[in-house]
Chemist: 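Have a look at this one before I ask anything.
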Amino acid sequence: MNLNGARVVLTGAGSGIGRSLALELARRGSFMVLVGRNQERLSSAASEARAAGGRALTFNFDVSQVHGHERLAGFAVENLGGVDILINNAGVSSFQEFARQDPADIDRLIRTNVTGPLLLTRAVLPLMLEQGRGRIVNVGSAFGSIAFAHWAAYSASKFALRGFSEALRRELDGSGVGVTYVAPRATRTPLNSDAVYQLSKKTGMNIDSPETVALAIVKAIETGRDEHAIGGPERFFGKLNALFPGIVNSALRGQNRAARELLQPAGRP
Ligand SMILES: NC(=O)c1ccc[n+]([C@@H]2O[C@H](COP(=O)([O-])OP(=O)(O)OC[C@H]3O[C@@H](n4cnc5c(N)ncnc54)[C@H](OP(=O)(O)O)[C@@H]3O)[C@@H](O)[C@H]2O)c1
């Protein structure tokens, strides 16, 4: 897919991977609607994208809301003339013991990482089907193939997003609309708490830069990939986990212990 002049709706564009993606797409001449809740960050991402050669508008929106996704699709059509690519990138994470996780946080995480992408896809899909072409891009995670202890809600959300991507891809077969699911591994962005970075130091976790991940996502779109997991070891362990989860249970025991030590201060039951 040629990204020069492509009309893109990109969520979570104000920071991290989304911001790097906006810049990467701008360099290729895409026309974008950048979506997020923090207007200041969005506006600065849009200025950066315009300076790099793209056309970028902003749309202040919380994807976890029940309503408004159609309004966002309408804004894109009015201002870009249509939508060729929807990138569901906005997301939140939580690294904590599930038994202590605030129920409201669990609900917010699922609405942001799962319901939001589904509703936004539902809002743009009729346009794409009418055009007879388009691409839905869902930014998942390595945790969508290997569920990690202490990321239970987050892992559940990314498994759901991967399942949605697979089902929709099969449903849209032959329609001209494709579905790409990209699974980054750990990436240095504000998504991760200090505790996550402490854990990564203890366990020697691989961490990518948001620029590297953005480039991988852009390449996956350009080549029309169905699914792309970033990182050789993560790809291998994802497949191993599907076939022999018991082996992965053992391999992750050390990391689980390190996470527990970080999350359960000494002396606490
Ligand atoms: N960083 C990692 O280690 C990692 C690894 C694998 C996958 N990922 C995935 O990569 C994607 C991007 O994350 P990131 O690492 O770049 O984190 P990030 O820097 O925190 O970016 C997330 C973006 O999502 C936006 N967002 C959050 N909740 C939103 C909502 N309800 N409505 C609209 N926008 C919302 C945030 O902007 P506002 O606050 O302005 O709304 C922010 O710009 C996520 O889907 C994440 O799960 C990240």
Side-chain angles (χ1 to χ4, degrees), residues 9-24 32-46 48-49 58-69 71-72 86-95 104-105 107-120 137-148 151 153-162 164-165 180-197 199-200 203 205-217 220 228-231 234-235 238:
V9 173
L10 167 63
T11 68
S15 63
I17 295 168
R19 191 171 181 126
S20 297
L21 252 178
L23 200 55
E24 207 50 64
M32 295 173 283
V33 173
L34 307 182
V35 184
R37 296 164 303 176
N38 183 311
Q39 186 56 44
E40 209 175 304
R41 281 202 300 258
L42 272 187
S43 298
S44 101
E48 215 171 76
T58 64
F59 192 88
N60 195 277
F61 182 58
D62 180 342
V63 299
S64 72
Q65 285 175 10
V66 180
H67 300 291
H69 302 77
R71 200 163 43 82
L72 167 52
L86 164 65
I87 308 180
N88 285 308
N89 165 74
V92 289
S93 182
S94 64
F95 170 55
D105 280 353
D107 180 49
R108 183 180 58 97
L109 186 149
I110 297 296
R111 281 191 287 110
T112 307
N113 294 6
V114 185
T115 316
L118 264 65
L119 292 181
L120 200 44
V137 180
N138 292 323
V139 179
S141 164
F143 290 18
S145 300
I146 310 167
F148 273 68
W151 272 279
Y154 182 71
S155 297
S157 75
K158 295 301 185 179
F159 265 73
L161 193 62
R162 186 161 68 86
F164 169 61
S165 306
T180 294
Y181 171 83
V182 183
R185 59 185 179 186
T187 310
R188 194 163 296 284
T189 73
L191 183 94
N192 296 313
S193 61
D194 287 348
V196 173
Y197 289 117
L199 179 68
S200 74
T203 59
M205 206 186 275
N206 292 315
I207 302 195
D208 291 320
S209 71
E211 293 81 11
T212 305
V213 175
L215 198 57
I217 294 173
H228 177 55
I230 299 172
E234 289 74 11
R235 269 196 297 279

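We count ligands from 1, going down the list as the structure has it; atoms in each ligand are counted the same way.
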Chemist: Holding to ring-ring contact (aromatic ring centres under 6.0 Å, His included), I want the full list of residues that pass it with F95, two or more places apart in sequence or in another chain.
Modeler: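 Per chain and number, F95 pairs via ring-ring contact (aromatic ring centres under 6.0 Å, His included) with W151.
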Chemist: For a side chain to side chain donor-acceptor pair (under 3.5 Å) check, start with the C-alpha distance between E24 and S20, then their side-chain angles and the critical distance, and finish with the verdict.
Modeler: CA-CA 6 Å; E24 207 50 64; S20 297; over 6 Å; no
Chemist: Within the structure provided, determine whether Y154 and L191 are in side-chain contact (heavy-atom separation under 4.5 Å).
Modeler: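 They are in side-chain contact.
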Chemist: Tell me, which residues have any heavy atom less than 4.0 Å from some atom of ligand 1?
Modeler: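 Ligand 1 pocket, heavy atoms under 4.0 Å: G12, G14, S15, G16, I17, G36, R37, N38, R41, F61, D62, V63, S64, N89, A90, G91, V92, T112, V139, G140, S141, Y154, K158, P184, R185, A186, T187, T189, P190, L191, N192.
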Chemist: Pick one: which of D107, N113, T115 meets side-chain hydrogen bond (donor to acceptor under 3.5 Å, both in side chains) with R111?
Modeler: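 Passing option: D107.
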Chemist: Under the side chain to side chain contact (heavy atoms under 4.5 Å, CB included) test against F59, which residue among V9, T11, L72 passes?
Modeler: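 Filter result, single survivor: L72.
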Chemist: Could you walk me through whether R235 and H228 pass the side chain to side chain contact (heavy atoms under 4.5 Å, CB included) check?
Modeler: CA-CA 9 Å; R235 269 196 297 279; H228 177 55; 3.9 Å; yes
